[in-house]
Asker: 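Just dropping this structure here.
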Amino acid sequence: MPYDNDNIFAKILRGELPAFTVYENDHCLAFLDVMPQSDGHTLVLPKQSAQNLFDLDDESAKHLIITVRKVAGAVRDAFSPDGIRLMQLNGEAAGQTVMHLHMHIVPCYANSTPRSHAQQMAESDILEKHAAKIRAAIH
Ligand code: 5GP
């Protein structure tokens with residue numbers, strides 16, 4: 001299937017839909033997942049129009065992992081989780097629901113299990129507070 005320019009994340013990247021943005025550079029955009037598996041669940045996207053990992057060129061792949069590490073560090077500093085899960089799904093059969101490549105950063109806590117994938121919408125004011133905490137922790 002070819003890349004769909006009207007997928008939700010393509011619209012966010014073009015500024016046509018809003019997002020709780022935490023970080024942006026020339027190559028990537030990072031914003032909160034609106035149905036977070038845990039507090040601070042963040043998505044990092046390459047700006048290249050790539051549906052999955054195999055569409056991504058080497059330069060974008062390099063910038064993606066560097067940006068993921070930077071943003072995950074800010075999530076760690078902002079939320080002090082016991083661990084951080086990185087997740088990236090390729091194709092519907094793997095559970096991918098939005099067809100623009102993205103890396104999930106999911107903070108994990110020793111005494112609680114992350115919520116189910118893409119199930120429950122969070123309150124906007126809480127997401128804004130969480131985004132502000134992460135933005136403040138980006139160095
Ligand atoms: P995937 O299943 O493709 O790996 O993950 C897609 C993620 O995008 C899910 O975790 C889901 O909660 C999240 N999501 C779906 N729609 C939106 C949206 O409109 N905005 C944001 N920020 N996240 C979304």
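Just so you know, these numbers use all the heavy atoms, side chains as well, and skip hydrogens, waters and symmetry mates. In listed order, ligands and their atoms are each counted from 1.
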Asker: Inspect the surroundings of CZ in R115 and state if more than 12 heavy atoms from other residues, nucleotides or ligands are less than 6.0 Å away.
Answerer: yes
Asker: Which atoms of ligand 1 have any heavy atom of H104 under 4.0 Å away?
Answerer: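 The atoms of ligand 1 under 4.0 Å from a heavy atom of H104 are 1 (P), 4 (O), 5 (O), 7 (C), 10 (O).
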Asker: Report the part of H117 in contact with ligand 1, treating N, CA, C, O as backbone and CB onward as side chain, heavy atoms under 4.0 Å; options are side chain, backbone, both, neither.
Answerer: side chain
Asker: Please list the nearest protein heavy atom to atom 15 (C) of ligand 1 with its residue and the distance rounded to 0.1 Å.
Answerer: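 Here the closest protein heavy atom is M35 CE, 3.7 Å.
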Asker: Would you mind running through ligand 1 and noting each atom that sits below 4.0 Å from a heavy atom of T97?
Answerer: 1 (P), 2 (O), 3 (O), 5 (O), 6 (C)
Asker: Given that the side chain starts at C-beta and the backbone is N, CA, C, O, which of these parts of F31 lies under 4.0 Å from ligand 1, counting heavy atoms, or is it both or neither?
Answerer: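 Only the side chain of F31 comes within reach of ligand 1.
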Asker: With a 4.0 Å cut-off on heavy atoms, is G95 touching ligand 1?
Answerer: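 Under 4.0 Å: yes for G95.
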Asker: Look at atom 9 (C) of ligand 1 and find which of V34, L101, D33 reaches it with the closest heavy atom.
Answerer: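 Nearest heavy atom to atom 9 (C) of ligand 1 lies in D33.
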Asker: Taking 4.0 angstrom as the limit and counting only heavy atoms of A118, give me the atoms of ligand 1 inside it, by number and element.
Answerer: 9 (C), 11 (C), 12 (O)
Asker: Quick check: H117 with H104 (ring centres under 6.0 Å apart)?
Answerer: yes
Asker: Would you find a donor on one side and an acceptor on the other, under 3.5 Å apart, between the side chain of N90 and the backbone of L53?
Answerer: yes
Asker: Give a yes or no on whether a salt bridge exists between D57 and K62, defined as a side-chain N under 4.0 angstrom from a carboxylate O.
Answerer: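 Here D57 does not pair with K62 in a salt bridge, since their nearest N and O are not under 4.0 Å apart.
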Asker: Between the candidates L32, L127, N90, L45, which shows the shortest non-hydrogen contact distance to atom 22 (N) of ligand 1?
Answerer: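 Among L32, L127, N90, L45, the closest heavy atom to atom 22 (N) of ligand 1 comes from L32.
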Asker: Looking at Q96, which atoms of ligand 1 are within less than 4.0 Å of one of its heavy atoms?
Answerer: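 So the atoms of ligand 1 that pass are 2 (O), 3 (O).
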Asker: Taking the six-membered ring for Trp, is the centroid-to-centroid distance between F9 and H102 below 6.0 Å?
Answerer: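 Ring centroids of F9 and H102 are less than 6.0 Å from each other.
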Asker: For T67 and N25, run side chain to side chain donor-acceptor pair (under 3.5 Å): C-alpha distance rounded to whole Å, both residues' side-chain angles, the deciding distance at 0.1 Å, then the answer.
Answerer: CA-CA 8 Å; T67 306; N25 60 30; 3.2 Å; yes
Asker: Does F9 come within less than 4.0 angstrom of ligand 1, counting non-hydrogen atoms of the residue?
Answerer: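 Distance cut 4.0 Å: F9 passes for ligand 1.
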Asker: Answer yes or no: does atom CD of E16 have more than 12 heavy-atom neighbours from other residues, nucleotides or ligands under 6.0 Å?
Answerer: yes
Asker: Going by heavy atoms in the side chains, are C108 and P81 under 4.5 Å from each other?
Answerer: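 Counting from C-beta outward, C108 and P81 never come under 4.5 Å.
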Asker: Applying a heavy-atom cut-off of 4.0 Å, say which part of I8 lies close to ligand 1: side chain, backbone, both or neither.
Answerer: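 Within the 4.0 Å criterion, I8 contacts ligand 1 through side-chain atoms alone.
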Asker: Within the supplied structure, the quantity of interest is the number of heavy atoms (other residues, nucleotides, ligands) at a distance under 6.0 Å from D58 CG; does it exceed 12?
Answerer: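 Incorrect, the count does not exceed 12.
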Asker: With backbone taken as N, CA, C and O and side chain as the heavy atoms from C-beta onward, which portion of H102 lies under 4.0 Å from ligand 1: side chain, backbone, both, or neither?
Answerer: side chain
